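Each remark here refers to the structure printed beneath this line.
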Amino acid sequence: MRTVIAGNWKMNKDRSQALQLLGHLAQAAAELPAGVEVFVAPAFPFLSLAVERLQGAPIAVAAQHCHEAVSGAYTGEVSAGMLASCGVKACIVGHSERRQYFGETDAAVHARIKAVLSVGITPIYCCGELRADREAGRHQEVVGAQVHEALTGLPGEAMAKLIVAYEPVWAIGTGLNATAAQAQEMHAFIRGRLRALAPEQAEGIPILYGGSCKPENAAELFAGPDVNGGLIGGASLDAGAFLELVRIAHRMKKPE
Ligand code: PGA
C-alpha cells in the first residue's frame, strides 16, 4: 500500500531558513527508507528553490494552495499550471486554514482538485471536522459531506491519483492529536465513502492523518489499517523530526 509523509510548512521560514531545512533534508535523502512517498510544501516564493535543492533526492515538492482558473485577472493567485511548470508535483487542496481564513468552499475545493489533476500533479485533498462537530457527534456526517462535495463526479482514473488527508480541525496545531482509534474510525469511514465513489480505486488511495502528529505519537496513529501516513505541520519544520516520521511511516507501512 502506498505510504506518504507530506510536510506542510505553512507560512513559516524565510529564504535562508528554508534553504537550511532543504539542505538538511537533501543531505539525509540517501538514508531515507524506500517505499515512502515524501513531499515538502514550502511557501510559494521557495518552491522553485526547493525543486532545485531536492533534485535527485526522493523528496518531491508540493504547494499549499492554487487557484482553479488556468490564468487571468486573479491578483495574488497562482495557477496549477504555474506550479507544474516549476517542477511541483503535488498541491494541498482544501486545508482547513484555507477554508477558515480564506472562505474556501467545497465547490472551490472541487474545482481546484480538477485544476490540479488537469496539469498532471497530485491533489492532497484535506477534510476534517470542527471541535463542535465532534462534540455534537456529527463528525462523520460533516466529513462525509465534504468528501461528497469535493470528489463526486471525478472519474475513476482521477480518483486513483488522489491523496486524501483527514485533519480534525481541533487537532491542527493544538498539540491535541486525535486518538489512534478516532483516526482509524474516521479513515475507515472515508475509505467507505471513497469506495462508493470509486470502487475500483478506493483501496489504493492513501489516506493520511494530520493534526499534531509527531514522532512521539506517530507509530500509534499510523498503525490503523486505513492510515497510510501523515500530513505534518509543526513537526515538518524540523528536519530531524520530519525524517523520523518518514522512518516511522516506513515501519508501519501496510503490505501491498
Ligand atoms: P500540525 O498541522 O501538524 O501543526 O497540527 C497539520 C496540518 O495543518 O497539516
Side-chain angles (χ1 to χ4, degrees), residues 3-13 17-18 21 25 36-44 46-47 50 59-66 88-104 109 112-113 116 122-131 133-134 139 142-143 146-147 150 162-180 182-183 186-187 190 206-222 224 227-249 252:
T3 302
V4 179
I5 291 289
N8 174 10
W9 294 6
K10 310 192 180 184
M11 199 173 75
N12 291 296
K13 304 218 177 269
Q17 292 166 332
L21 179 48
L25 296 176
V36 179
E37 295 169 48
V38 184
F39 295 90
V40 288
F44 284 137
F46 313 128
L47 289 174
I59 303 176
V61 176
Q64 299 173 18
H65 163 70
C66 73
V88 168
K89 299 293 186 214
C91 183
I92 298 170
V93 181
H95 191 281
S96 67
E97 287 152 16
R98 300 293 318 175
R99 297 175 191 258
Q100 192 178 348
Y101 305 130
F102 304 99
E104 197 158 300
V109 171
R112 282 167 197 173
I113 290 173
V116 168
T122 301
I124 303 176
Y125 160 65
C126 303
C127 56
E129 82 284 0
L130 302 172
R131 181 190 300 277
D133 298 324
R134 183 158 285 268
H139 42 289
V142 166
V143 171
Q146 288 175 344
V147 169
L162 271 186
I163 295 173
V164 174
Y166 167 57
E167 300 204 304
V169 178
W170 47 272
I172 296 178
T174 58
L176 180 76
N177 57 282
T179 65
Q182 286 171 325
M186 186 63 91
H187 283 229
I190 293 170
I207 307 178
L208 317 185
Y209 169 78
S212 299
C213 183
K214 46 185 186 281
E216 294 75 18
N217 58 26
E220 214 185 328
L221 284 162
F222 296 168
V227 182
N228 310 115
L231 178 54
I232 315 298
S236 73
L237 300 174
D238 176 81
F242 187 65
L243 294 165
E244 183 57 17
L245 285 161
V246 176
R247 288 189 279 269
I248 295 169
M252 308 312 287

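Model, not experiment: these values are computed from the prediction. Computed from heavy atoms alone, side chains included, the values below leave out hydrogens, waters and symmetry copies. First listed ligand is number 1; within each ligand, the first listed atom is number 1.
- In terms of polar-atom proximity, defined here as any N/O pair under 3.5 Å, K10 does make such a contact with ligand 1.
- In terms of modelled atom types and a separation under 3.5 Å, the side chain of Y101 and the main chain of G103 share no donor-acceptor contact.
- Every atom of ligand 1 is numbered from 1 in the order shown, and the set under 4.0 Å from a heavy atom of N8 is 9 (O).
- Remark: minimum distance from atom 4 (O) of ligand 1 to any protein heavy atom is reached at G234 N, 2.8 Å.
- The residue from I163, L162, V116 that alone fulfils the side-chain contact (heavy atoms from CB on, under 4.5 Å) condition with I124 is I163.
- Of the protein's heavy atoms, E167 OE2, 3.1 Å lies nearest to atom 7 (C) of ligand 1.
- Side chain of Q64 to main chain of C91: no donor-acceptor pair is present (N/O by atom type, distance under 3.5 Å, no hydrogens or angles).
- The backbone N or O of L130 lies less than 3.5 Å from a partner atom in the side chain of D133, making a donor-acceptor pair.
- Residue contacts with ligand 1, taken as heavy atom pairs separated by less than 4.0 Å, involve A171 solely via the backbone atoms N, CA, C and O.
- Between the side chain of S212 and the backbone N or O of A171, at least one donor-acceptor pair lies under 3.5 Å.
- Between the side chain of R99 and the backbone N or O of G94, at least one donor-acceptor pair lies under 3.5 Å.
- Considering only heavy atoms from C-beta on, V36 stays 4.5 Å or farther from R247 through its side chain.
- Scanning S236, G230, A6, S212 for the heavy atom closest to atom 1 (P) of ligand 1 points to S212.
- Heavy atoms from both the backbone and the side chain of I172 come within less than 4.0 Å of ligand 1.
- With respect to atom 3 (O) of ligand 1, the closest heavy atom belonging to the protein is G233 N, 2.9 Å.
- If you look at K214 next to ligand 1, there are no close heavy atoms at all, none under 4.0 Å.
- In summary, E104 and R112 engage in a salt bridge, as defined by a charged side-chain N under 4.0 Å from a carboxylate O.
- Taking distance alone, with nitrogen or oxygen atoms compared against 3.5 Å, G210 stays at or beyond that limit from ligand 1.
- Close contacts of ligand 1 with H95, meaning ligand atoms under 4.0 Å from a residue heavy atom, involve 7 (C), 8 (O), 9 (O).
- For ligand 1, the atoms sitting less than 4.0 Å from at least one non-hydrogen atom of G173 are 1 (P), 4 (O), 5 (O), numbered in the order shown with element in parentheses.
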